[in-house]
Amino acid sequence: MLVMKFGGTSVGSAAAISQTAELLAEHSTRERVVGIVSAMSGVTNTLLSKAAAAAAGDSDGVDAARAALLAPHRAVLVDLLPLGDRRRETEAALGGLADEVARMLYSVYVLRELSPRASDRIVTFGERMSSVLLAAVLNERGVPAQAVASDKLIVTDSVFGGASPLLDRTSEKAQATLEPIFNAGLLPVVTGFFGADERGITTTLGRGGSDYSASILGHALQARAIWIWTDVDGVLTADPRLVPDARTMSAISYAEATELAYFGAKVIHPKTMHPAVERGIPIWIKNTFRPDAPGTMIGPESVDSGSGHLAQAIASISDLAAITVEGRGLLGVSDVTARVFTAVGRTSANVYMISQASSQHSVTFIVQGAAVDDALAALHGEFESDLARERVLSIAAVRELAIVAVVGGAMRGTPGVAGRIFATMGDENVNIVAIAQGSSELNISFAIAANDVHRAVTALHAAFVLG
Ligand code: ADP
Ligand code: ASP
Ligand code: MG
């Protein structure tokens, strides 16, 4: 059993869908294959912006949404399917899905309210539409296929916008649903990105979550491998948009991939590795448009660590902010740190890095910029009486920051890496706001001004990766 996931660009045009269908056709002659698809590129963002506009009272957007959603799918259909019953039926199915979106958007518009639960339901329609489209293209090419919505396979908790799978329940449900489809000789084309909770309410796995869907299903079906097809040759030593001469790594470990993804390497969702590790399933990242390129294998071992380089790859995340809680009265008050993170934990803020300098009586931590106001409000609420009594003297934020992470298993136990990183930043005149080293010694990460990211990543890549 092989799980093959295709990202937004791999289903983003008629040419891309054609190529994707070709790859599925080829591999499904040899073994059972589950195809998983993202929404066509741009469609998820369109759905989210239409939903936000409807909640803000924009009725024109609601009317326009149906056509905006149908257009890219219809264009592919007209290109790849001749006029006939199959094209008409597929068009009707896509139209039905777009109608459902329009009805939901209208409800949001009337209520002027978009709950996380409603948003999750609406945003899944990109994947529902692309899976119907790809299944039709496969059928047209003589590969019997069936679109399958993943709320029939993946069982999650009820955390809308970022649900976690219940892996045992998912194994049972996925096997029960897919077995008859395989037995009927059909290739399942499954929607990525979402599942449903135990009550059957639709939940999403978070942005970029189709990679995670692939490994959840790989785990459930005990696949021999998970192949993530995308628009680059594999996991590169840096974001190719920042560093054009970044090179493709042949093999990296699950832990290295998790660190890189967590610190911004968009090519794989950070949670993807977890279900695969449990069963030791290798994850391959491959280029849909250059299928003969070897790709990157993510598995138990990092092969590149033998290359003699101290570090393997550089990642970065921008749009972050630092919050500092500081004050004389904090000294020796042991529960302050606990209160800080309990308060922040109740918000949507994700804490990327923490640094505590006790002589300064301060705690600094980094969160995503979009969450900083909520986090500040929560902290002011928590420390209201302390602020009044000057026990906590200030709660302040610095915005427009970024984190850069240098990642590689070969750094473990190697002295001098941190020295070289910060010497390189010194040479580049980049100011360091906060520093952390993972206890696994797999990564050293530090916060800098967002404006400095390009310079920092380029210099570190030149110093550590290119040697
Ligand atoms: P998909 O739609 O196939 O899921 P994504 O856009 O989510 O694709 O991820 C692929 C993109 O990730 C690449 O086009 C590249 O610009 C970006 N990227 C960022 N960092 C890295 C990296 N270290 N290696 C490879 N790609 C990266
Ligand atoms: N379509 C979803 C997104 O854009 C999931 C994915 O592409 O992985 O976030
Ligand atoms: Mg992606």
Side-chain angles (χ1 to χ4, degrees), residues 4-13 16 19-20 23 36-49 69 72 119-120 122-131 150 154 161-163 190-195 203-216 227-250 252 256-272 283-290 293 295-296 298 304 311-318 404-408 453 457 460-461 465:
M4 300 219 286
K5 175 258 170 178
F6 295 86
T9 44
S10 303
V11 292
S13 65
Q19 173 66 7
T20 288
L23 289 166
I36 297 183
V37 281
S38 291
M40 293 181 78
S41 38
V43 168
T44 305
N45 287 342
T46 301
L47 285 163
L48 284 172
S49 71
L69 272 179
S119 176
D120 265 9
I122 291 168
V123 81
T124 60
F125 277 69
E127 274 73 9
R128 294 180 199 269
M129 292 179 84
S130 62
S131 65
S150 49
I154 295 178
V190 178
T191 54
F193 190 35
F194 67 95
T203 54
T204 66
L205 303 168
R207 290 307 304 270
S210 295
D211 303 327
Y212 194 18
S213 309
S215 74
I216 293 167
W227 289 16
I228 310 275
W229 292 92
T230 184
D231 61 353
V232 282
D233 280 354
V235 183
L236 308 186
T237 49
D239 184 336
R241 292 164 297 185
L242 290 178
V243 182
D245 56 358
R247 62 179 180 82
T248 308
M249 294 182 282
S250 56
I252 60 173
E256 288 165 334
T258 304
E259 294 287 334
L260 281 172
Y262 183 74
F263 287 109
K266 198 189 163 211
V267 64
I268 186 135
H269 190 283
K271 292 181 179 168
T272 309
I283 302 169
W284 282 87
I285 312 288
K286 302 263 297 170
N287 191 338
T288 302
F289 308 100
R290 280 168 31 92
T296 300
I298 303 171
D304 272 20
Q312 288 184 330
I314 321 290
S316 61
I317 336 177
S318 295
V404 173
V406 180
V407 176
V453 167
V457 172
L460 288 169
H461 191 263
V465 182

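Whatever order the structure lists them in is the order used to number ligands and atoms, beginning at 1. Hydrogens, waters and symmetry mates play no part in the numbers below; they use all other heavy atoms, side chains included. Just so it is clear, the model here is predicted, and its values are computed rather than measured.
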Checklist entry - Does A238 have a heavy atom less than 4.0 Å from any atom of ligand 1? => result yes
Item to check | Closest protein heavy atom (residue, atom, distance) for atom 8 (O) of ligand 1 | outcome: T230 OG1, 3.2 Å
Checklist entry - Backbone, side chain, both or neither: what part of E127 comes under 4.0 angstrom of ligand 2, heavy atoms only? => result side chain
Checklist entry - Does ligand 1 have an atom that lies less than 4.0 angstrom from a heavy atom of P240? => result yes
Item to check | Side chains of V190 and V37 in contact at under 4.5 Å (non-hydrogen atoms) | outcome: no
Checklist outcome for this item: The reported gap from CD1 in I283 to CD1 in I285 (rounded to nearest 0.5 angstrom) is 7.0 Å
Item to check | Residue, atom name and distance, where the atom is the protein heavy atom closest to atom 26 (N) of ligand 1 | outcome: V267 CB, 3.4 Å
Checklist entry - Is there a donor-acceptor pair under 3.5 Å between the side chain of S250 and the backbone N or O of T296? => result no
Next on the checklist: Taking T9's backbone N and O only, do any of them form a donor-acceptor pair with D231's side chain (distance below 3.5 Å, no angle check)?
Outcome noted: no
Item to check | Nearest protein heavy atom with distance in Å, relative to atom 2 (O) of ligand 1 | outcome: G8 N, 3.0 Å
Next on the checklist: Contact between ligand 2 and G208 is defined here as a heavy atom of the residue under 4.0 Å from a ligand atom; is it met?
Outcome noted: yes
Checklist entry - Are any side-chain N or O atoms of S13 and backbone N or O atoms of A16, one a donor and one an acceptor, separated by less than 3.5 Å? => result yes
Item to check | Protein contact to atom 17 (C) of ligand 1 [nearest heavy atom, distance to 0.1 Å] | outcome: R241 NH2, 3.6 Å
Checklist entry - Does G209 come within less than 4.0 angstrom of ligand 2, counting non-hydrogen atoms of the residue? => result yes
Checklist entry - Does Q19 reach the main-chain N or O of T288 with its side chain, forming a donor-acceptor pair under 3.5 Å? => result yes
Checklist entry - Just by modelled atom types, is the R128 backbone N or O under 3.5 Å from a matching donor or acceptor in the T191 side chain? => result no
Checklist outcome for this item: So the atoms of ligand 1 within less than 4.0 Å of a heavy atom of A265 turn out to be 20 (N), 23 (N)
Checklist entry - ligand 2 versus S38, non-hydrogen atoms closer than 4.0 Å: side chain, backbone, both, neither? => result side chain
Item to check | Nearest neighbour in protein (non-hydrogen) for atom 6 (C) of ligand 2 | outcome: S210 OG, 3.3 Å
Next on the checklist: What I want to know is whether V235 and ligand 1 share at least one N or O pair that is separated by under 3.5 angstrom.
Outcome noted: no
Checklist entry - Can you tell me which residue and heavy atom of the protein come closest to atom 6 (O) of ligand 1, and the distance to 0.1 Å? => result K266 NZ, 3.0 Å
Checklist outcome for this item: OG of S150 to CD1 of I216, rounded to nearest 0.5 Å, is 9.0 Å
Checklist entry - In ligand 1, which numbered atoms sit nearer than 4.0 Å to a non-hydrogen atom of G234? => result 24 (N), 25 (C)
Next on the checklist: Quick test: of every protein heavy atom, which one is nearest to atom 4 (O) of ligand 1, and how far off is it to 0.1 Å?
Outcome noted: K5 NZ, 3.2 Å
Checklist outcome for this item: dist E259:CD -> I252:CD1 (nearest 0.5 Å) comes out at 11.0 Å
Item to check | T203 OG1 to I154 CD1 distance, which is reported to the nearest 0.5 Å | outcome: 8.5 Å
Next on the checklist: Measuring from non-hydrogen atoms of M249 to any atom of ligand 1, is the shortest distance under 4.0 Å?
Outcome noted: no
Item to check | Geometric N/O contact T44 with ligand 2, under 3.5 angstrom | outcome: yes
Next on the checklist: Given D239, D231, T44, identify the one with the heavy atom nearest to atom 20 (N) of ligand 1.
Outcome noted: D239
Checklist entry - Does any N or O in the side chain of S213 come within less than 3.5 Å of the main-chain N or O of G192, such that one atom is a donor and the other an acceptor? => result no
Checklist entry - Is T237 in polar range of ligand 1, meaning some N or O pair under 3.5 Å apart? => result no
Checklist entry - Is the side chain of S41 donor-acceptor paired with the backbone N or O of G12 at a distance under 3.5 Å, no angle test? => result no
Next on the checklist: If the cut-off is 4.0 Å to any non-hydrogen atom of L236, which atoms of ligand 1 fall inside it?
Outcome noted: 22 (C), 23 (N), 24 (N), 25 (C)
Checklist entry - Does the side chain of D239 come within less than 4.5 Å of V457's, by heavy atoms? => result no
Item to check | Closest approach of any protein heavy atom to atom 4 (O) of ligand 2, naming residue and atom | outcome: R207 NH2, 2.9 Å
